[in-house]
There are 2 protein chains.
Amino acid sequence: MDRRHEILLGATKSFTLFGYKATTIEQVAKIANVGKGTIYTFFKNKEELFQEVVFHLINEMKHETDRLIDTNASFMQNAHTALMKMLQFRERHLLFAKLIEEETALGTPEVQQMLLKIESEIISYVSMRIRNGIAKDEIIECNPEHVAFLLFKSYLAFIVDWQLTHNEPLNEQEILTLFSETLFRGLAKKK
Amino acid sequence: MDRRHEILLGATKSFTLFGYKATTIEQVAKIANVGKGTIYTFFKNKEELFQEVVFHLINEMKHETDRLIDTNASFMQNAHTALMKMLQFRERHLLFAKLIEEETALGTPEVQQMLLKIESEIISYVSMRIRNGIAKDEIIECNPEHVAFLLFKSYLAFIVDWQLTHNEPLNEQEILTLFSETLFRGLAKKK
DNA sequence: AAAATGACCAGAATACCACATCGGTCATCC
DNA sequence: GGATGACCGATGTGGTATTCTGGTCATTTT
């Protein structure tokens, strides 16, 4: 029974359920079935534990996406597939959703910082993909960082903000169609 | 000397400078050079005064845009012009900027509600313009509300969020180029 | 001996209460 | 009769007493 792993699992569960601030180390210890002190033999402090949890999730997402990208397929197809994957894994983003909620509701500084870090991770990943697309002459010349920022914020707008003003969340197909028909379509190089 | 107008002017100034909560009725009375009680002969309460101020600004923006729209020009040209106008008038949005700041910092319920109202006003205006474009066969078939939402949120992302992660704000030309080359380009019907 | 544990501590967060401030009214004044 | 500001009740603020929580470490367990 890997104690370190148990702790990570428990921490993920607790952060997802209660957010950063409301998660106590004692809580995590209880979920992971270890003593409080044990946590500190594997992680320097609460913040480091938090970082490990988040980066684990981000890496999972990146690898998942990498696995799906088909170098032979067109940029539009790949973008479509990747976006679909992200949408299907909304559940797994529950942690991120909780963090965004905590950020807007309480403004916890550690969470704020972490969200910026997550944003920058994702944007630089997407930028890289866009730069690839440009190099392969599949998408128009553009500023990759700007476009990545636009894509990221648009995605968030539909996943997070939409619910705030509309009672029904947009379903995956609608979001996918919208992105494909406007953003991806605008980016694709006309041949 | 139009007392009602003086009050509106003073209120606009104060809300822009201090936000909703930090603006006191006495403050507004002082700026407008009237007695406190006088405000209540023209406005039912603080919230109504706030609404009048905001709707006055929204209507100004709508008329400004209407004036610029050229029914003979293409959708892309009009979108470009309208966006440029909005960008040039960032200063006038100072009130909106202040409200967004107050919303994220304090979460004042009246402000939150008002921002939702502003959002819905703008989105329904943009939706209308998009529906026009579709009817005139200038832009692709799409869900006007979804696209309007996307445009609005993207605009805000670059005006408000960009500064949070990048020290230099994006200049107008860059935003304009980005929108034209991706979103507007994607929406335009290929002929 | 090495790893795990939970009682313990200091500092941060919360709850509470006395007090000040502000939105809104209304008797008075011009 | 419209404008005014002293006044009122309710809401918000600041300062303090108390609780809670992250992190340590002497003791226990394996």
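Values below: all heavy atoms of this structure, side chains included; hydrogens, waters and symmetry mates excluded. Reminder, nothing fancy here: chain letters follow the sequence lines and each chain counts from 1.
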**Request:** Would you mind telling me which of A:D70, A:T71, A:L68 makes a side-chain contact (heavy atoms from CB on, under 4.5 Å) with A:N78?
**Result:** A:D70

Applying side-chain contact (heavy atoms from CB on, under 4.5 Å), can you list everything that pairs with [X], at least two apart in sequence or on another chain?
X      : result
B:Y40  : B:I25
A:S120 : none
A:N171 : A:Q173, A:E174

Round to the nearest Å and state the distance from [X] atom [atom1] to [N] atom [atom2].
X     : N      : atom1 : atom2 : answer
A:E47 : D:dG23 : CD    : C1'   : 14 Å
B:I25 : D:dC7  : CD1   : C1'   : 17 Å
B:F42 : D:dA3  : CZ    : C1'   : 9 Å
B:F43 : C:dT25 : CZ    : C1'   : 18 Å
B:E26 : C:dG23 : CD    : P     : 8 Å
B:K46 : D:dT11 : NZ    : P     : 14 Å
B:I7  : D:dA3  : CD1   : C1'   : 11 Å
B:L49 : C:dC22 : CG    : P     : 16 Å

**Prompt:** Which of residues 12-21 of chain B sit near DNA chain C, with a heavy atom under 4.0 Å from it?
**Reply:** none

**Message:** Would you say that A:F18 contacts A:K98 through its side chain, given a criterion of any heavy-atom pair below 4.5 Å between the two side chains?
**Reply:** no

**Request:** Would you mind reporting whether B:Q27 and B:K36 have side-chain heavy atoms less than 4.5 Å apart?
**Result:** no

**Request:** With a 4.0 Å heavy-atom cut-off, tell me which residues in residues 98-111 of chain B come close to DNA chain D, sorted by residue number.
**Result:** none

Contacts under 3.5 Å, N or O only, protein and nucleotides 5-7 of chain C:
from, atom 1, to, atom 2, distance (Å)
C:dT5, OP1, A:R3, NH2, 3.4
C:dT5, OP2, A:G35, N, 2.6
C:dT5, OP2, A:T38, OG1, 2.6
C:dG6, N7, A:G37, N, 3.4
C:dG6, O6, A:G37, N, 3.4

**Request:** Assess the side chains of B:H146 and B:N143: does a donor N or O sit below 3.5 Å from an acceptor N or O?
**Result:** yes

**Asked** Is it true that the side chains of A:T108 and A:E102 contain a donor and an acceptor less than 3.5 Å apart?
**Response** yes

**Item:** Listed partners of B:F75 passing ring pair (Phe, Tyr, Trp, His ring centres under 6.0 Å), at least two apart
**Value:** none

**Asked** Taking only residues two or more places apart in sequence, or in another chain, which ones meet A:F50 in a ring pair (Phe, Tyr, Trp, His ring centres under 6.0 Å)?
**Response** A:F15, A:Y20

**Asked** Residues in salt bridge (charged side-chain N to carboxylate O under 4.0 Å, His left out) with A:K153, at least two apart?
**Response** A:E119, B:D161

**Message:** Please enumerate all residues that pass side chain to side chain donor-acceptor pair (under 3.5 Å) together with A:Y155, with sequence neighbours excluded.
**Reply:** none

**Item:** Residues forming a side chain to side chain donor-acceptor pair (under 3.5 Å) with A:S180, sequence neighbours excluded
**Value:** none

**Asked** Over its full length, what angle do the end axes of the helix from C:dA1-D:dT30 to C:dC30-D:dG1 make, each axis taken from five pairs and the result rounded to 10 degrees?
**Response** 20°

